[in-house]
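Heads up: the structure comes next, in structure tokens.
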Amino acid sequence: MNIAIDGPGGSGKSTIAKILAKTLRIAYLDTGAMYRAIAYYALKKGADVTDESTVLPLLTDMDMKVWEENGVQQVSVNGINTTPFIRENRISMAASTVSKIPAVRIKLVELQRNVAQKCDCVLDGRDIGSYVLPNADYKFYMTADSRVRAQRRQSELHAKGQDISFEEILADIEKRDLQDKTRSFAPLVICPDAVVIDTTNLTIEEVTAKILALLCK
Ligand code: DC
């Protein structure tokens, strides 16, 4: 069984995906972390994520590994565990920018499909239902008002010791939404066969219950 959860940043999809995976005792794949890992690696290597010609050479012999450690997904690129560094605000935008490059997407989509083929899995991202797994058993699209999403992101970053103004986070979220929705290759779209859940005024428990009810139907 594969469950696809797509949606913009801060919609709550990774929180819900983790809970679902735990409840259903199936695997969880955070595909955003994979784009974040490439962005981190590219910046570390001095590439310019807005310039495809500087990123492409890095892909040639790039070895990405994804595994779980104490319940937390880890992603390494060429032996470097990127996990501690990929949640920084600058990496969010860099991941969105690097994800516009078709060759980057093709590489990661192959890995994601391999995982989905091997095990029952909840995958969250932007293009899971529309491109990675068009035949997924269940598809959800989670969304929320951008100001609420920015508030959630600010709390997350604050908890990690990153104090960034609400206005800056809101601007980044809106810029990233636009970039993810308008890229030419596998953009963020609402699949016609996805169940749309607006989490603006819902608690985590309410969203989880809603999804579990649909899965058990
Ligand atoms: O879900 P996230 O915030 O960790 O994702 C970071 C960026 O990665 C997001 O802005 C766009 C890109 N991404 C993508 O293009 N496709 C996915 N399936 C997941 C993430």
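The figures here come from the full heavy-atom set of this structure, side chains too, leaving out hydrogens, waters and symmetry mates. First listed ligand is number 1; within each ligand, the first listed atom is number 1.
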By number and element, which atoms of ligand 1 are closer than 4.0 Å to a non-hydrogen atom of G125? 17 (C), 18 (N), 19 (C)
Test of understanding: given a 4.0 Å heavy-atom threshold, classify the contact between R126 and ligand 1 as side chain, backbone, both, or neither. both
If the cut-off is 4.0 Å to any non-hydrogen atom of K13, which atoms of ligand 1 fall inside it? 1 (O)
Under 4.0 angstrom from ligand 1, any heavy atom of Q112? no
So which heavy atom on A37 is nearest to which on V75, and how close? CB-CG1, 3.5 Å
Can you tell which part of K175 has a heavy atom less than 4.0 Å from ligand 1: side chain, backbone, both or neither? neither
Checking R126 against F185: charged group under 6.0 Å from the ring centre and within 45 degrees of the axis? no
S96 side chain to S92 backbone, donor-acceptor under 3.5 Å: no
Neighbour count above 12 (heavy atom, 6.0 Å) for K107 NZ: yes
among protein heavy atoms, the one nearest atom 16 (N) of ligand 1 is R105 NH2, 3.0 Å
Part of R36 with heavy atoms under 4.0 Å of ligand 1, whether side chain, backbone, both or neither: side chain
What are the atoms of ligand 1, with element, lying closer than 4.0 Å to any heavy atom of D180? 9 (C), 10 (O), 11 (C)
For atom CG of D163, is the number of surrounding heavy atoms from other residues, nucleotides or ligands below 6.0 Å larger than 12? yes
K139 side chain to G129 main-chain N or O, any donor-acceptor pair under 3.5 Å? yes
Which residue holds the protein heavy atom closest to atom 8 (O) of ligand 1, what is that atom called, and what is the gap in Å? Y35 CB, 3.5 Å
Using the rule that Ile, Leu, Val, Met, Phe, Trp and Tyr join whenever any side-chain heavy atoms are under 4.5 Å apart, tell me whether L188 and L178 fall into a single cluster. no
S99: numbered ligand 1 atoms lying under 4.0 Å from its heavy atoms: 11 (C), 12 (C), 15 (O)
Decide whether the shortest distance between a heavy atom of M93 and an atom of ligand 1 is less than 4.0 Å. no
Could I get the full list of side chain to side chain donor-acceptor pair (under 3.5 Å) partners for N89, not counting sequence neighbours? D172
T199 and its side chain to side chain donor-acceptor pair (under 3.5 Å) partner, picked from K13, E206, R152: R152
Ligand 1 and D127, any nitrogen or oxygen pair closer than 3.5 angstrom? yes
Suppose we measure from atom 6 (C) of ligand 1 to each protein heavy atom; which comes out shortest, and what is that distance? R176 NH1, 3.5 Å
Residue, atom name and distance, where the atom is the protein heavy atom closest to atom 19 (C) of ligand 1: T31 OG1, 3.4 Å
